[in-house]
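Below is one structure, written out as structure tokens; the observations come after it.
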There are 2 protein chains.
Amino acid sequence: MVTRRSLIEALRREGMRITAPREAICAVLAEPDLGHVSVAELQQRAEQVLGRGIDLSTVYRTVDALQEAGIVHHVHLGHGASVIHLSEEEHHHLVCDLCGRTVDLPLEELGPLAELLERHGYEPGTVHFAIVSRCLSHRDDPGSAAD
Amino acid sequence: MVTRRSLIEALRREGMRITAPREAICAVLAEPDLGHVSVAELQQRAEQVLGRGIDLSTVYRTVDALQEAGIVHHVHLGHGASVIHLSEEEHHHLVCDLCGRTVDLPLEELGPLAELLERHGYEPGTVHFAIVSRCLSHRDDPGSAAD
DNA sequence: CTCGATGCAAAGGTTTTGCACCAGG
DNA sequence: CCTGGTGCAAAACCTTTGCATCGAG
């Protein structure tokens with residue numbers, strides 16, 4: 001279980017300073033039902049927590065710091081902005097190439113894939129990834145994508 | 001086997017006009033050893049074929065047209081620009097989150113995954129996708145990503 | 001001749017960077 | 001204090017769009 005405090009502790013352990021914006025961002029990331037958020041969403045929520053504005057670049061830099069610390073990862077889910085999620089949350093994504101609809105895949109479902117990654121010298125399990133395909137309602141559409 | 005001519009025929013069949021830039025782009029896409037190219041690379045190669053400049057927006061629009069026709073797809077391989085590849089070339093990618101190193105996966109290796117996609121109402125087989133993980137030399141690195 | 005394609009330029013969205021100032025340790 | 005974080009502004013990067021002109025059919 002990740003708490004606001006444990007995230008902040010991790011930052012401190014990395015020799016990073018604890019500032020108000022970072023505390024707010026950590027608070028948002030520790031929200032129990034948080035799936036994955038874009039940097040812009042993270043900014044907005046953190047601003048609500050903090051009660052004042054936080055610059056986007058600050059959010060980007062804080063996310064970088066949290067990535068350095070191995071606490072979060074970001075993934076590019078097909079088109080548009082990337083999303084941030086806790087490294088602890090080991091799930092992956094199925095993304096529809098056309099409508100962007102996303103389904104979370106629990107780790108257990110990817111057993112066979114792990115072996116495949118391993119065989120090619122890639123690390124299974126640790127990193128979040130996205131599988132882009134097409135959902136039911138777009139299965140037989142022509143090739144145009146949604147960007 | 002995809003040839004320059006077959007690509008152009010496909011465009012014509014879609015009611016699209018055959019212009020010099022499009023012929024050059026099709027010629028590049030038909031190159032036998034072409035794996036996947038970014039739009040910028042496609043532009044540069046097509047300019048060499050054509051012997052004069054082609055505007056980037058023209059390349060984007062031609063790629064869109066070829067996507068409409070179902071001839072090519074584009075994928076976002078993690079960070080940076082997306083890459084274009086022939087739809088016919090049914091392979092997928094393992095991408096290292098940290099260094100961008102890419103391994104091509106033949107379709108056969110993804111058998112188990114197809115069943116998984118199917119179960120979640122996603123279309124297996126048709127769409128190119130990328131699996132982002134970490135390659136051997138970065139397996140135990142901290143979280144920082146390469147963007 | 002007509003409509004679609006082109007080139008150019010401008011804008012849009014995401015992410016990064018430079019810099020002066022502020023504040024955590 | 002001193003170094004690192006912040007906000008602001010500007011830039012970089014990828015992609016899309018508006019518009020006048022050109023050329024394929």
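Residue numbers begin at 1 in each chain, while the letters A, B, ... track the order of the sequences.
- Each end of the helix from C:dC1-D:dG25 to C:dG25-D:dC1 yields a helix axis from five base pairs, and these two axes differ in direction by 30° (to the nearest 10 degrees).
- For A:Ser82 and C:dT14, the shortest distance from a side-chain N or O to OP1 or OP2 is not below 4.0 Å.
- Applying the side chain to side chain donor-acceptor pair (under 3.5 Å) rule to B:Ser38 yields no partners; only residues at least two apart in sequence or on another chain are considered.
- Exactly one of B:Thr3, B:Ile71, B:Ile8 qualifies for a side chain to side chain contact (heavy atoms under 4.5 Å, CB included) with B:Cys26. That residue is B:Ile8.
- With rounding to the nearest 0.5 Å, the separation of CD in B:Gln67 from CZ in B:Arg61 is 15.0 Å.
- Evaluation of the salt bridge (Lys or Arg N to Asp or Glu O under 4.0 Å) rule for B:Arg5 yields no partner, not counting sequence neighbours.
- In terms of modelled atom types and a separation under 3.5 Å, the side chain of A:Ser6 and the main chain of A:Val2 share no donor-acceptor contact.
- Listed by chain and number, the residues in a side chain to side chain contact (heavy atoms under 4.5 Å, CB included) with A:Val49 are A:Ala24, A:Ala27, A:Val28 (sequence neighbours excluded).
- Residues from residues 37-47 of chain A placing a heavy atom under 4.0 Å of any atom in DNA chain D do not occur.
- Applying the salt bridge (Lys or Arg N to Asp or Glu O under 4.0 Å) rule to B:Glu9 yields the partners B:Arg12; only residues at least two apart in sequence or on another chain are considered.
- Taking atom CZ of residue A:Arg13 and atom C1' of nucleotide C:dG25, one finds them 18 Å apart after rounding to whole Å.
- Among residues two or more places apart in sequence or in another chain, the side chain to side chain donor-acceptor pair (under 3.5 Å) test is passed with B:Arg17 by none.
- Protein atom CD1 of B:Ile84 is 11 Å distant from nucleotide atom C1' of D:dT15, rounded to whole Å.
- Each of A:Tyr60 and B:Thr62 was matched to the nucleotide of DNA chain C holding its nearest heavy atom; the match closer to the 5' end belongs to B:Thr62.
- Atom C1' of nucleotide C:dA5 and atom CZ of B:Arg12 are separated by 15 Å, given to the nearest angstrom.
- Between the CG atom of B:Leu50 and the P atom of C:dT6 there is a distance of 11 Å, rounded to whole Å.
- Distance, A:Asp64 CG to C:dT15 C1': 10 Å, rounded to whole Å.
- Straight-line distance from the CD1 atom of B:Ile18 to the P atom of C:dA5: 9 Å, rounded to whole Å.
- Sorted by first and then second residue, the salt bridge (charged side-chain N to carboxylate O under 4.0 Å, His left out) pairs with a member in residues 39-52 of chain A read A:Glu31-A:Arg45; sequence neighbours excluded.
- Here the P atom of nucleotide C:dT16 and the CG atom of A:Leu56 are 11 Å apart, to the nearest Å.
- Side-chain N or O atoms of A:Thr58 include none that pairs as donor or acceptor with a backbone N or O of A:Ile54 at under 3.5 Å.
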Can you pull every protein N or O that's under 3.5 Å from an N or O on nucleotides 2-4 of chain C?
from  : atom 1 : to      : atom 2 : distance (Å)
C:dC3 : O2     : B:Arg17 : NH1    : 3.0
C:dC3 : O2     : B:Arg17 : NH2    : 2.8
C:dG4 : O4'    : B:Arg17 : NH2    : 3.4
C:dG4 : N3     : B:Arg17 : NH1    : 3.2

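- In this structure, the side chains of A:Val83 and A:Val37 stay at 4.5 Å or more apart for every pair of heavy atoms.
- The B:Thr58 side chain lies nearest to C:dG7 when the options are C:dG7, C:dT15, C:dA5.
- Regarding B:Glu14, its CD atom lies at a distance of 15 Å from the P atom of D:dG25, rounded to whole Å.
- With sequence neighbours excluded, the residues satisfying side chain to side chain contact (heavy atoms under 4.5 Å, CB included) with B:Glu14 are B:Met16, B:Ala69.
- Checked against side chain to side chain contact (heavy atoms under 4.5 Å, CB included), A:Leu56 has the following partners two or more places apart in sequence or in another chain: A:Val39, A:Gln43, A:Tyr60.
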For nucleotides 8-11 of chain D, which of its nitrogen or oxygen atoms have a protein nitrogen or oxygen under 3.5 Å away, and what is each distance?
from  : atom 1 : to      : atom 2 : distance (Å)
D:dC8 : N4     : A:Ser57 : OG     : 3.4

Exercise for review: Report the C-alpha separation of B:Val75 and B:His85 in whole Å, then their side-chain angles, then the decisive distance to 0.1 Å, and conclude whether the side-chain contact (heavy atoms from CB on, under 4.5 Å) test is met.
Suggested key: CA-CA 8 Å; B:Val75 203; B:His85 66 97; 3.8 Å; yes

